[in-house]
Structure formats: C-alpha cells, structure tokens
Amino acid sequence: MKILEANAGPLTNFEVLEFLRSKDAGKDPTLALLPNIASEYKVFDYLEKSGCKHLTREVINEFLEKCKSFKLSKAELLNIINIMPKSAVELYPIIEACDTRDDDKCTMLNALVAIVKEVLLAGTPSPPPEEAEIEAAHEEDGIEAAK
C-alpha cells in the first residue's frame, strides 16, 4: 500500500488494519520492543480482535451505497463503520441532531441498524451461545449489555 496524500482525512479501523497488515506489523512480536513499533503492534493487536478484521472494501462500499438516502455526514458514517452498532440505542449518539433530522427517527435508526447487521456484521462470527442468549434477553428488556 502506498500513501498518496498525507493527512487526507480520517481512516476507518479497517483501513488502519489494512495498512498495518501491509507493513507486517503483527508478524513479529519481538519488534514490539522498538519504541515506534510498539504502538503499531498494540494497535494491530487491538484491531485484529475487533470486528473490523472481517470487513472488506467491497462490504464498506456496499454499506456506504445503502446509506446514501440517509444523508449522513462522513464523520457519522466513519463512526458507524468503526463501532458497528447492533441496536438503535448504540446508534443514537452517533447521529448528530438525530431528533431534528427525521420525523420518525425510530424508523431511520432501525433501518440503519438493519443495514449494519445485513452488511457490516454479516461476515462476523456470531458470539458463543451463552453470550448470544444473554444479549437477546437484554434486548428484550431494553438493557444494553455491558462489555
């Protein structure tokens, strides 16, 4: 990967992980002893454990295409891609001025969550059965699961 323009804008977690993979950041943990590489290794390790490791450029492009009708800002889209909210409760703080944006904000939030689940979360492995049952019970009660 070649950087064409420095500081061109914010990156998604997927793009950072892709860049670190191209530099072989996580291949040799003994390199983490060097001052500059230690932070790269920690970021790589964190991102490898997150949901972004299952994303592809095609998935992100499909998500962006499906979200065009919502007229979201670049920052909002970036946060949605990075956080991958699984419920309207998680999505609500990401959308700026959500109250004034749409007459039926519940419909908009639920539609966005459906797109996130359909596109971004489609390739991620499901949680272990016990965790899935707990999350389902919490969703029924309207409680956000603590992680």
Side-chain angles (χ1 to χ4, degrees), residues 1-29 31-32 36-140 144-147:
M1 177 181 290
K2 190 176 193 179
I3 298 175
L4 300 177
E5 187 178 333
N7 298 323
L11 300 172
T12 63
N13 289 349
F14 166 75
E15 291 168 321
V16 173
L17 181 60
E18 190 177 59
F19 174 73
L20 291 174
R21 281 180 181 155
S22 73
K23 289 181 61 174
D24 292 331
K27 297 289 183 192
D28 188 4
L31 292 176
N36 292 349
I37 298 178
S39 60
E40 286 181 10
Y41 183 74
K42 287 178 183 178
V43 170
F44 179 82
D45 192 43
Y46 169 78
L47 293 176
E48 273 290 312
K49 293 176 184 172
S50 72
C52 75
K53 87 175 199 179
H54 302 288
L55 295 178
T56 63
R57 286 224 181 267
E58 293 78 25
V59 167
I60 291 175
N61 289 337
E62 179 184 351
F63 173 76
L64 294 173
E65 189 64 36
K66 288 187 177 203
C67 288
K68 279 186 178 178
S69 64
F70 296 107
K71 297 184 176 111
L72 299 171
S73 70
K74 289 180 182 180
E76 291 167 336
L77 289 168
L78 179 82
N79 283 323
I80 293 170
I81 292 168
N82 286 343
I83 296 170
M84 291 190 256
K86 297 171 188 74
S87 68
V89 173
E90 291 177 297
L91 183 61
Y92 184 81
I94 296 172
I95 309 298
E96 189 175 331
C98 188
D99 296 334
T100 60
R101 223 180 240 205
D102 197 355
D103 293 336
D104 191 8
K105 67 179 177 238
C106 288
T107 304
M108 179 184 85
L109 292 175
N110 289 333
L112 274 169
V113 169
I115 292 171
V116 169
K117 287 181 177 179
E118 174 191 335
V119 180
L120 295 179
L121 296 172
T124 59
S126 55
E130 313 85 46
E131 190 176 323
E133 291 170 8
I134 292 170
E135 283 183 18
H138 283 236
E139 284 179 11
E140 288 174 10
E144 183 179 341
K147 294 203 178 199

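Numbers for residues simply follow the sequence, beginning at 1.
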For this session: Would you please test Y46 and K42 for side chain to side chain contact (heavy atoms under 4.5 Å, CB included) and show each step?
Result: CA-CA 6 Å; Y46 169 78; K42 287 178 183 178; over 6 Å; no
Problem set entry | N110 side, atom CG; S87 side, atom OG - distance, nearest 0.5 Å | 9.5 Å
Problem set entry | Rounded distance (nearest 0.5 Å) linking atom OG1 of T12 with atom CG of N79 | 11.0 Å
Exercise. Can you name the residues that form a side chain to side chain donor-acceptor pair (under 3.5 Å) with K53, not counting sequence neighbours?
Worked result: none
Problem set entry | Residues forming a side chain to side chain donor-acceptor pair (under 3.5 Å) with E118, sequence neighbours excluded | K66
Seminar exercise, completed: Given the options L120, L121, I80, P85 meets side chain to side chain contact (heavy atoms under 4.5 Å, CB included) only with I80
Exercise. Of I95, I94, V89, which meets side chain to side chain contact (heavy atoms under 4.5 Å, CB included) against L109?
Worked result: I95
Seminar exercise, completed: side-chain contact (heavy atoms from CB on, under 4.5 Å) filter on V113, not counting sequence neighbours, yields L91, K117
Seminar exercise, completed: Taken in chain and number order and not counting sequence neighbours, the residues that satisfy side-chain contact (heavy atoms from CB on, under 4.5 Å) with L77 are F63, L64, C67, L72
Problem set entry | Residues that K49 engages under salt bridge (Lys or Arg N to Asp or Glu O under 4.0 Å), provided they are two or more places apart | D45
Exercise. By salt bridge (Lys or Arg N to Asp or Glu O under 4.0 Å), which residues pair with E65, not counting sequence neighbours?
Worked result: K68
Exercise. Any side-chain heavy atom of F44 within less than 4.5 Å of one from L17?
Worked result: yes
Problem set entry | Side-chain touch L78/L11, heavy atoms, less than 4.5 angstrom | no
For this session: List the steps and the verdict of side chain to side chain contact (heavy atoms under 4.5 Å, CB included) for R57 and E15.
Result: CA-CA 9 Å; R57 286 224 181 267; E15 291 168 321; 3.7 Å; yes
Problem set entry | Check: N82 side chain, N13 main-chain N or O, donor-acceptor pair, under 3.5 Å | yes
For this session: Please assess E40 against L20 for the test side chain to side chain contact (heavy atoms under 4.5 Å, CB included), listing each intermediate value before the final yes or no.
Result: CA-CA 7 Å; E40 286 181 10; L20 291 174; 4.1 Å; yes
Problem set entry | Carboxylate-amine/guanidinium proximity below 4.0 Å for K71 and E76 | no
